[in-house]
Amino acid sequence: MPELPEVESLRRSLKPYIIGKSIQSVIVHKPKLVSSSGTVRQPLIEKKEEFEKELKGRTITGITRIAKNLLIHLDSGQVLLVHLKMTGQLVYQEKGENKALGGHPIELSETKLPNQHSHIIFELNKGTLFYNDIRMFGYILLYPNEQSLHKSGYFDAIGIDPLDDTFTFEYLYKQINTRKSKLKSILLSQSIVTGLGNIYADEVCFRAGILPNRLASSLTKKEIRKLYNAIQDVIPIAISMGGSSVANYIMADGSRGTYAREHKVYGKAGKPCQLCGHILQKTIVNTRTTVFCQFCQK
DNA sequence: CACTAAACCTGGGAGC
DNA sequence: TGCTCCCAGGTTTAGT
C-alpha cells in the first residue's frame, strides 16, 4: 500500500513514540510474517521463538527508511526491517487509549488493539507497538547487524530516492532517455527511482502533462525536466501532509494523512479533470490501473 | 533483456 | 440479505 510519502510519514510519526524505549516482550501470532519466503530475502532469524527471544530486552535506538522499507535499529546493533506492502500498519498505543484505525466509522469494540489483524505485538517499557496487516503481504525481518542486511542482497537492486541529493535531473534524464519501456513502468520500478507507487506515478505524470503510457525514449528533455520537477514538488508536499490515506494507511498514532484530497487523477476516473473539465480516462499500464487526462497530458 | 501474467492474501463495494 | 465478481497503495517469480 504505502508509497514513499506514507512510509516516511509513518517513520516520522513513530520516532517520538519508540526511540529510547526497550522491548519487554514480543508476540508473533503469524510466524509467516517474520520468516523467509523468497530467495532474495534471507532473514537470519527464521523461527518465531527465536525472533521473540532475540528482541527481548533490546532498546530501540533509531528508525530510518530505505525506499519503502523501514529500518528499526536496536542497541545490540541488530536491525528490524519492516515492509508494509499493501496493508501493513505500525501503530503505537498506550494503555487506555483507543485508536480509530483508519478513521473508518467502525464499532467501538473493533477499534481496540490488538484486533484480529494484529499479527506481531511489541510490548515496550511504556506503550505497545502493533504490526497489523489485513492481507499479510508485509513482513518484519531481523538481521544481526546492518552489515549483514546490506550483504544479504536485499537492497542490491535499489535505485535512487527522490529525497536524496543524488537524485538529480541528469540521473533521471539518463535513466528515462535510454529505456524503451513505458514511462509508468520506469516510475514504478524501484531499481530506478525508489518510493513511487501507483498513486504518485499517476499524480506525477499528470502534473508533468505527460501520458503514463508514453514510450520512455520518446520523451523530450523538456518533458523529463517537467517530470523531474513534478517529483520534486509532489513528494515533499505529500510528506508534509502525512501522505495519502486511501484505505488502510495510518500513522503511528492512528491518524490519517490528508494528501489524498490533493490528488488530481488517482482514483478519479470518470470525474472531470480539474484543469480542463474533460472526463478523466482509465486504462491499464503495467497491469496497474492508470488514470489520466487525455487533453492535459500529451 | 523486456514485457506480461500470476502469485501472495483479505475485505470492501458494486451489481444482481 | 446474500451471493458473485472485481478491485486494491507492492513486489517477486515464472513464463513468453
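Lettering of chains follows the sequences in order, A, B, ..., and the numbering in each one begins at 1.
- Of the candidate nucleotides B/dA5, B/dC8, C/dG10, B/dA5 has the atom nearest to the side chain of A/Thr287.
- Using a 4.0 Å heavy-atom distance criterion, A/Tyr200 is classed as making no nucleic acid contact.
- One can place NZ of A/Lys268 at 17 Å from C1' of C/dA8, the figure rounded to the nearest angstrom.
- For the pair A/Glu203/A/His263, a side-chain contact is recorded, criterion being any heavy-atom separation below 4.5 Å from C-beta on.
- Set against B/dG11, B/dC9, C/dG10, the side chain of A/Met136 has B/dC9 as its closest nucleotide.
- Side-chain contact check for A/Leu84 versus A/Asp133: every heavy-atom pair is 4.5 Å or farther apart.
- Checking C/dA8, B/dT4, C/dT11 against every side-chain atom of A/Gln190, the shortest atom distance belongs to C/dT11.
- Checked against B/dC3, C/dG10, B/dG11, the side chain of A/Arg288 finds its nearest nucleotide in C/dG10.
- Using a 4.0 Å heavy-atom cutoff across all strands shown, A/Asn286 reaches sugar-phosphate atoms only and no base atom.
- Closest contact between the side chain of A/Lys68 and the listed nucleotides B/dT4, C/dG10, B/dG11 involves C/dG10.
- Per the geometry, CG belonging to A/Asn198 stands 8 Å off P belonging to C/dA8, to the nearest Å.
- OP1 or OP2 of B/dG11 sits under 4.0 Å from a side-chain N or O of A/His117.
- Nucleotide B/dC8 holds its C1' atom 13 Å from the NE2 atom of A/His119, rounded to whole Å.
- Using a 4.0 Å cut-off between charged side-chain N and carboxylate O, A/Arg12 and A/Glu8 make a salt bridge.
- Taking atom NZ of residue A/Lys184 and atom C1' of nucleotide C/dG9, one finds them 11 Å apart after rounding to whole Å.
- Here A/Ser185 lies out of heavy-atom contact (under 4.0 Å) with every strand.
- A continuous path of hydrophobic side-chain contacts links A/Ile235 to A/Ile186 [ILVMFWY only; heavy atoms under 4.5 Å].
- Across C/dG9 and B/dG13, the matching P atoms stand 16 Å from one another, rounded to whole Å.
- When the side-chain nitrogen and oxygen atoms of A/Ser181 are compared with OP1 and OP2 of B/dC3, one or more of them lie within a distance under 4.0 Å.
- Proximity of A/Thr289 to the phosphate of C/dA8: a side-chain N or O atom is located under 4.0 Å from OP1 or OP2.
- Look at A/His83 and you'll find a side-chain N or O under 4.0 angstrom from OP1 or OP2 of C/dT11.
- One P atom belongs to C/dA14, the other to B/dC9, and the distance between them is 16 Å to the nearest Å.
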### Query
When you look at A/Tyr92 and A/Phe130, which way does the ring-ring contact (aromatic ring centres under 6.0 Å, His included) test go after all the steps?
CA-CA 6 Å; A/Tyr92 174 87; A/Phe130 297 91; 9.1 Å; no

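- A/Phe169 carries A/Arg225 over the face of its six-membered ring, with the cationic atom under 6.0 Å from the centre and within 45° of the normal.
- Put simply, CG on A/Leu188 is 15 Å from C1' on B/dA2, counting in whole angstrom units.
- Between the CG atom of A/Leu196 and the P atom of C/dT11 there is a distance of 11 Å, given to the nearest Å.
- Listed nucleotides: C/dT11, B/dG11, B/dC3. Nearest to the side chain of A/Lys180: B/dC3.
- Interface remark: the A/Arg135 side chain does form a donor-acceptor pair with the C/dA8 base, using a distance-only criterion of under 3.5 Å.
- Rounded to whole Å, atom P of C/dG9 lies 19 Å from atom CD1 of A/Ile250.
- Atom pair A/Leu10:CG and C/dG10:C1' shows a separation of 16 Å (rounding to whole Å applied).
- When the nucleotides C/dG10, C/dA8, B/dC3 are ranked by their closest atom to the side chain of A/Phe137, C/dG10 comes out on top.
- Separation of the C1' atoms belonging to C/dT4 and B/dC8 is 22 Å when rounded to the nearest angstrom.
- Taking a pair to require two hydrogen-bonding distances under 3.5 Å in either a Watson-Crick or a G-U wobble arrangement, C/dC6 pairs with B/dG12.
- Pair assignment for C/dT16 gives B/dA2, based on Watson-Crick or G-U wobble hydrogen-bonding distances that are each under 3.5 Å.
- Nearest to the side chain of A/Val246, among B/dC9, B/dT10, C/dG9, sits C/dG9.
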### Query
Could you go step by step and tell me if A/Lys184 and A/Asp202 meet the salt bridge (charged side-chain N to carboxylate O under 4.0 Å, His left out) rule?
CA-CA 8 Å; A/Lys184 181 157 174 179; A/Asp202 279 10; 2.8 Å; yes

